[in-house]
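Below: the structure, in C-alpha cells.
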Amino acid sequence: MKITSVDIFQVKWNRQYGAWHPIVIRVNTDSGISGFGESGIFYGDGEYGALGSLKDLSHLIIGQNPQNIEKIWQQFYQRTFWGKGSGTTFYAAVSAIDTALWDIKGKSLGVPVYQLLGGQTRESIPAYASQLQFGWHLETKYLSQPDEYAKVAQKAVAEGYQTLKIDPFMLDEQGHFGQKLIGLQDYAELALPVARLKAIREAVGPKINLIVECHAGLDVNSAKQFLPLIEPLNIFYLEEPCSPLSPELTKQLKAVTTMPLASGERITTRYGFQPFITSRLLDVIQPDVAICGGISETKKICDMASAFDIGVQLHTCGTPIATAMALQVEAAVPNCFIHEQHEIALKPDNQWIGKYSEQPDHGKFTFSNRPGIGQELGDEAIRESRCETIK
C-alpha cells in the first residue's frame, strides 16, 4: 500500500464564529482506502500556518507505506529540522497526518483505532459541558450576568451533564470579549467572575463538578488573588490559570492552592509535557490529539502521565473529526476520565461537517465500532470545502 495524494480541505463554516475555519485532510492510497485527520489550530489566527505546514509535510509522505505510522512520525521529528524546535503550527499538521494514517490502518484491518491501541478499557466515558459562557444552545449567546450563568448551568445539568466548565473572565459585564486580568488587580475587578461562579454553584448544588477555565487570562499575581476567593466553591479543577508554557510559573501556583491544576491544550509532544508531568505540576493534563502530535504522540503522553498518577482530559474543540480522534484514545487509555463536549459541538453548522452523528446520551459517550477513527467528512462538506491536493 502506498500514499498517492493528500487532500487538504478548508471546510466551509457558515456563521457564528468568524475566525472558525476548520482544516481537515484526507490521505489517499493506491488501495482505495483513505484516512481523515484534523489540524487543530484553524481558529485563533492559526489557519494559514496550519495550511502551510500541511502542504510541506504532505509532500514528504507521497509514495510511502501509510501503515508505517511510527516511521513517518519519526521522519517528521528527526529529519525536518523544525521537528525538534517547533510548536503548535508544525505539530498540528503532524497531528492531522498521523491520525489519518491510523484511520487508514484501522480501515484496512476492519477495526476501530482503539483496538490497535490495546482495546477498550471502558464501555463509555462521561462528558462535561464546556464553555458555558457562550450559552448552551444551538445559537451562541455571550453571557454577562451571574443569573444567566446560573440558568445555563441548570440547563446543562438537566440534560444529564454532571460536570460543567466555565470561563468566568472571558466576557466583560456587557458580554464583550477581551477581558484579561494580568498583574495585580483591584479586588473590584475580581468580583464579577467570582459572582458568576457563586451563582452557578448555588443553582446546581454541591454534587455537580465545576471546572474553572482561565484560558491563561490571568498571571501568577492575579491568580494568587483570585484562587482563594473560589476555593470554598469546591472546584473540580482549575484550567490554564497562568502561562501554559512555563513550568516554573505553574510550580508557584501549585504551591499556594489545594485546587487541582490542569493545562495542556497548547503544549505539543511528550517533550513539551515532560517537565509538567515528571515534576507533577499538573493534576490533569489536556493534550489535544489534533495539536500535540496526533494519536501516536497522545498515547505516549498519556502513558507518561499514568506513571505519575496524573489524569487525562483530552482537549477537544473542533469538528466531528476531532471528536472522533479524541474518542478513539479515550476508549483505550485508562487515565482518560472525562470527554470535553465543547459547546461548538452543539451547532448544526458543525454537526453537518461529519458523515456520522456522534453526540453524548445523558452526558455520556459510547464508542463506535466503525473501523478507523469512525468518522469522515460528509459528502456535502467535501463538496462545499475549498480543497488543495498534494500529489
Side-chain angles (χ1 to χ4, degrees), residues 114 117-128 130 161-165 206-214 216 220 223-224 227-228 230-231 233-289 291-316 325-341 363-365 367:
Y114 59 72
L117 300 177
Q120 287 183 256
T121 61
R122 54 175 60 87
E123 295 300 317
S124 64
I125 190 168
Y128 71 81
S130 181
Y161 293 93
Q162 296 298 299
T163 302
L164 316 174
K165 181 161 83 175
K207 294 183 180 180
I208 299 299
N209 298 317
L210 300 185
I211 303 169
V212 176
E213 164 78 272
C214 303
V220 169
K224 284 183 176 180
L227 268 55
I230 63 168
E231 282 187 344
L233 300 179
N234 191 24
I235 301 303
F236 196 37
Y237 51 90
L238 186 71
E239 180 174 335
E240 279 197 335
C242 62
S243 172
L245 300 181
S246 174
E248 180 56 37
L249 295 181
T250 305
K251 180 179 179 180
Q252 291 190 30
L253 287 185
K254 183 77 170 171
V256 298
T257 185
T258 59
M259 284 186 288
L261 300 183
S263 188
E265 69 186 74
R266 293 184 252 204
I267 302 174
T268 62
T269 77
R270 76 202 89 156
Y271 307 106
F273 278 92
Q274 182 180 4
F276 294 94
I277 291 174
T278 57
S279 296
R280 213 184 183 285
L281 302 179
L282 297 171
D283 302 280
V284 177
I285 59 165
Q286 300 171 303
D288 189 316
V289 185
I291 291 173
C292 75
I295 289 174
S296 297
E297 196 67 359
T298 301
K299 179 66 161 59
K300 295 180 176 74
I301 293 165
C302 294
D303 289 344
M304 184 192 305
S306 178
F308 291 85
D309 289 345
I310 295 174
V312 178
Q313 174 250 293
L314 298 179
H315 178 257
T316 308
M325 292 161 64
L327 287 170
Q328 294 300 318
V329 177
E330 291 163 348
V333 173
N335 51 331
C336 289
F337 66 96
I338 199 165
H339 176 93
E340 179 172 17
Q341 176 72 344
K364 286 188 176 182
F365 272 101
F367 303 105

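Between atom CE of residue Met325 and atom CG of residue Asp288 there is a gap of 7.5 Å, rounded to the nearest 0.5 Å. To the nearest 0.5 angstrom, Asn234 atom CG is 11.5 Å from Ile208 atom CD1. If you take CG on Leu261 and CG on Leu227, they are separated by 7.5 Å, rounding to the nearest 0.5 Å. With values rounded to the nearest 0.5 angstrom, Lys254 atom NZ is found 12.5 Å from Lys251 atom NZ.
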(request) Carefully, step by step, assess Arg280 and Asp309 under the rule side-chain contact (heavy atoms from CB on, under 4.5 Å). (result) CA-CA 9 Å; Arg280 213 184 183 285; Asp309 289 345; 4.2 Å; yes
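A side-chain contact (heavy atoms from CB on, under 4.5 Å) with Pro287 is found for one member of Thr269, Val329, Leu314 and no other, namely Leu314.
Although no hydrogens or angles enter the test, the distance criterion places a donor-acceptor pair under 3.5 Å between the side chain of Glu297 and the main chain of Arg270. Thr257 places a side-chain N or O within 3.5 Å of a backbone atom of Met259 that can act as its donor or acceptor partner. Within the 3.5 Å criterion, the main-chain N or O of His315 finds no donor-acceptor partner in the side chain of Glu340.
Partners of Thr163 under the side-chain hydrogen bond (donor to acceptor under 3.5 Å, both in side chains) rule, at least two apart in sequence or in another chain, are Asn209. For the side chain to side chain contact (heavy atoms under 4.5 Å, CB included) test, residues two or more places apart in sequence or in another chain that qualify with Pro244 are Ala216, Glu240, Ser263, Arg266.
At most 12 heavy atoms of other shown residues, nucleotides or ligands fall within 6.0 angstrom of atom NZ in Lys364.
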